[in-house]
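Values below: every heavy atom of this structure, side chains too, minus hydrogens, waters and symmetry copies. In what follows, every chain begins at residue 1, and chains take the letters A, B, ... in the order their sequences are listed.
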Number of protein chains: 2
Amino acid sequence: MKKREAIMEEIRSASFTTPTSGVADGYAQANLVVLDKKYAFDFLVYCERNKKACPILDVTDVGSPKPVLTGQQNDLRTDLPKYQVYEAGKLLKSVNDVTGYWTEDSVAFLLGCSFTFEEALRQNGIPIRHNEEKCNVPMFETNIDTIPAGPFSGPMVVSMRPMSQQDAVRAVQVTSRFPDVHGAPVHIGDPKAIGIDDITTPDYGDAVTIKEGEVPVFWACGVTPQAAAKANGLSMITHAPGHMYITNVKNETLGVL
Amino acid sequence: MKKREAIMEEIRSASFTTPTSGVADGYAQANLVVLDKKYAFDFLVYCERNKKACPILDVTDVGSPKPVLTGQQNDLRTDLPKYQVYEAGKLLKSVNDVTGYWTEDSVAFLLGCSFTFEEALRQNGIPIRHNEEKCNVPMFETNIDTIPAGPFSGPMVVSMRPMSQQDAVRAVQVTSRFPDVHGAPVHIGDPKAIGIDDITTPDYGDAVTIKEGEVPVFWACGVTPQAAAKANGLSMITHAPGHMYITNVKNETLGVL
């Protein structure tokens, strides 16, 4: 297992450009949303109203790309493996560096990511299928509406991890300890109950195998703001789903007990 | 025990003007901060950087005195038993109604209050001294600095509950379940270790008896923004310490597991 510093250097130089699940174990990971300051207050209220999907870990000072609480030596314009640039709700491009899109009015928000509690799941003997299959976690837009704030609204996005039915209860317990990285699942079982018609075609990330006897378990996901951008024609810079910012915060320090 | 609706009616008509600890058991309580919208974003960032003291439960739409998530039928200008009006960092007055101070640019923030987990402490056999002595909880400014955001900075304020040393461990467990209402204590034991020179003269609220063999247990407190107002010459409307907004949210729904 490479140390965080080594991974961050590879990410910064764009030699590491793949999903970050299972990478730099021990350090919490975060979703990124960068907005013009005129949307910053409304977005923060949106996050507060939808904490399960958008738990705030850090907010930069206006114009500064430096995390305040989660890695002051890092630069959020270069230190993620892949970004998405949304313009008026359309995905304009995916890039490995957003220095050219950053302005003095940019504010960056870091939201907790469920990759953070995967270490705890593995330590409890619950395998992570997208690690086993060396792909990105599957993510879906649901029929669960977020609570609007200003121009932000839209469906909650969820990530899905299949597991044995016996493991599902333990997964609830293990992840409940980590509310700042989405906490307990929002749903266990029938995907249709939350508006997912086809579990084999995720809206973001990759499909994974669900074995005989396994149940899909769904967690709220920090890609939810990207769905809000698409639903409302908004402009923002985000991480590419699954390609997270690796904070300097140890996973365990986010455990509430 | 009176029902929440009956208590709220008494509060609205200013026939109930005393501290709310132990009142309307079962419902979460909240600190209030009302600011001009020009400070709203900085304040929300301040809360995020200092979650332990300032866990956000609700943010109103600009100009609206209605809670969005915690009691849409309520009016935050009248539905707290007592308010403080700070002008340029000075406590201008304490009033029972702030309708005259509210403007179309006002934004209200509700922060979780530790009175919320007192029910769980009592159910675990841990007596609440300020209830026994029918007074307000003692609160102190500490030497723990908050992390600044915009014009907001200053000391963390804490509330104190004395208890037997055997109860202190259980109190950590019980309150850890409720991170949105300050969660686990920030300190157990020697008040001087957090800059409190005289435990018998609280900065807010009332002194309570600490019996032989008891240990003081300190929780981060939502009066922290009032200390920030005083430290930085800011104007804001707040609840009077101990005189909280009683939300329509059941305590137990805030338990993370």
Across chain A and chain B, going purely by atom type as modelled, what donor-acceptor pairs are there at a distance under 3.5 Å?
from: B:Arg49; atom 1: NH1; to: A:Asp61; atom 2: OD1; distance (Å): 3.3
from: B:Arg49; atom 1: NH2; to: A:Val59; atom 2: O; distance (Å): 2.7
from: B:Arg49; atom 1: NH2; to: A:Asp61; atom 2: OD1; distance (Å): 3.1
from: B:Lys51; atom 1: NZ; to: A:Ile56; atom 2: O; distance (Å): 2.4
from: B:Ile56; atom 1: O; to: A:Lys51; atom 2: NZ; distance (Å): 2.4
from: B:Val59; atom 1: O; to: A:Arg49; atom 2: NH2; distance (Å): 2.7
from: B:Asp61; atom 1: OD1; to: A:Arg49; atom 2: NH1; distance (Å): 3.3
from: B:Asp61; atom 1: OD1; to: A:Arg49; atom 2: NH2; distance (Å): 3.1

Within a strict 4.5 Å, meaning less than it, do heavy atoms of the [X] and [Y] side chains meet?
X	Y	answer
B:Phe152	B:Met236	yes
A:Val62	A:Val107	yes
A:Phe41	B:Leu44	yes

Separation of [Y] [atom2] from [X] [atom1] (nearest 0.5 Å):
X	Y	atom1	atom2	result
A:Phe115	A:Ile246	CZ	CD1	10.0 Å
B:Leu57	B:Leu32	CG	CG	11.5 Å
B:Leu110	B:Ile56	CG	CD1	8.5 Å

Margin query: Taking side chain as everything from C-beta outward and backbone as N, CA, C, O, which of these in B:Ala40 sits under 4.5 Å from a heavy atom of chain A? Side chain, backbone, both or neither.
Written below: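 Both parts, backbone and side chain.
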Note to self: What part of B:Val68 gets within 4.5 angstrom of chain A, counting heavy atoms only: side chain, backbone, both, or neither?
What the structure shows: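 For B:Val68, the side chain is the part near chain A, not the backbone.
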In terms of heavy-atom proximity below 4.5 Å to chain B, should [X] be classed as side chain, backbone, both, or neither?
X	result
A:Leu69	side chain
A:Val172	neither
A:Val45	both

Notebook entry, point to check: Can you name the residues that form a ring pair (Phe, Tyr, Trp, His ring centres under 6.0 Å) with B:Phe109, not counting sequence neighbours?
Noted result: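 Scan of B:Phe109 (ring pair (Phe, Tyr, Trp, His ring centres under 6.0 Å), adjacent residues dropped) gives B:Phe43.
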Item checked: All pairs passing ring-ring contact (aromatic ring centres under 6.0 Å, His included) where residues 48-78 of chain B contributes a residue, at least two apart ->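 Qualifying pairs: none.
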